[in-house]
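Quantities reported herein were computed from a predicted structural model and do not represent experimental measurements.
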Amino acid sequence: MVYQFPGKLLHTLLPPRCLICRQPSRQRLALCAPCEEKLPFNKLSCRICAQPLSAAGLVCGDCQLHTPEYDLTIAPLAYRDDVRQLIIELKFQGKLRNAKLLAQLFLQHLAIRERPHCLIPIPLHPKRIRERGYNQSLEIARQLAAVSGIRIDPYSTRRKRNTHRQADLGLKEKRSNVRGAFEVIKEGLPEHVAIVDDVMTSGHTVNEFARVLKRSGVKKISVWAMARAGHA
């Protein structure tokens, strides 16, 4: 006979380990208190693209000169230090537990007046999914949906071209790399959707995806990125 320990007793005897320092953690999050306190959060950012600002303001200069296709961006974490490591482990090392943690951190700092009607993760090309085994943006979206109750729609869009990794390209090349990479394959998308992505760097990928969504009839597009980096 195999004895089943009650959940609370098991948590006490074998507390989960912090996903950053690997030390035991008794917090609700899979982080110990010191690691959570060290997380880099974006305190000042552009309300449209979430580009970090050096002073308080509503819209950055780039968005004033070239208005993006999306309407607002929520990206509470800065893409550096431990946050960068969590995303790299999720994206390239198969550590899917990090998706739940990133979604929890996102939602606990989320303050929105208008809920999107659905969450649409950035699609990966089938070849990339075969190589990686999963779409990290979809894994994050699943965790966000489980808590927020907002439905996911990973079926109405697809990436029709296997683009180069944006991180390997210069700023100008990134824009042309994703041009025409996405398409809507099912009609009837709601008026307000949130694009879900792990990290937003130049913003060209989400901007191109948003352009395609708006051409299909979507009226408002929010970007839910777990982290935001400076332009690169």
Taking side chain as C-beta onward, heavy atoms only, is [X] less than 4.5 Å from [Y]?
X	Y	result
Leu105	Pro76	no
Val212	Thr157	no
Asn207	Val178	no
Leu86	Leu19	yes
Leu213	Ile195	yes
Asp197	Trp224	no
Glu36	Cys18	no
Ile140	Leu90	yes

[atom1]-[atom2] distance between [X] and [Y], expressed to the nearest 0.5 angstrom:
X	Y	atom1	atom2	result
Leu58	Arg47	CG	CZ	6.0 Å
Asn135	Lys91	CG	NZ	10.0 Å
Ile120	Ile152	CD1	CD1	11.0 Å
Leu144	Gln104	CG	CD	10.0 Å
Gln64	Cys46	CD	SG	8.0 Å
Leu102	Leu107	CG	CG	11.0 Å

For [X] and [Y], which heavy atoms make the closest approach, and how far apart are they?
X	Y	answer
Ala227	Val83	CB-CG1, 3.9 Å
Pro121	Phe209	O-CE2, 4.1 Å
Ile221	Ala210	CD1-O, 3.4 Å
Pro52	Arg228	CD-CG, 4.2 Å
Ser156	Leu189	CB-CD2, 3.7 Å

For the backbone of [Y] and the side chain of [X], can you confirm whether one donor and one acceptor N or O come within less than 3.5 Å of each other?
X	Y	value
Arg159	Pro123	yes
Asn162	Arg128	no
Glu208	Phe182	no
Tyr79	Met200	no
Asp71	Ser222	no
Thr73	Ile48	yes
Ser25	Ala30	no
Lys214	Glu69	yes
Asn42	Ala75	yes

message: Taking Glu191 first and then Lys220, would you say they form a salt bridge - that is, a charged N and a carboxylate O separated by under 4.0 Å?
response: no

query: Does Lys38 pair with Asp81 as a salt bridge, N-O distance under 4.0 Å?
result: no

[X] [atom1]: over 12 foreign heavy atoms closer than 6.0 Å:
X	atom1	value
Arg211	CZ	yes
Lys100	NZ	no
Phe92	CZ	yes
Glu131	CD	yes

statement: Using a 4.5 Å side-chain heavy-atom cut-off and chaining through intermediate ILVMFWY residues, the residues clustered with Ile129 come out as Leu124

- request: Kindly state each residue pair satisfying side chain to side chain donor-acceptor pair (under 3.5 Å) with at least one member in residues 142-152, sequence neighbours excluded.
  value: Glu139-Arg142

- prompt: Does the pair Thr163 and His125 meet the rule for a side chain to side chain donor-acceptor pair (under 3.5 Å), with working shown?
  reply: CA-CA 8 Å; Thr163 55; His125 190 269; over 6 Å; no

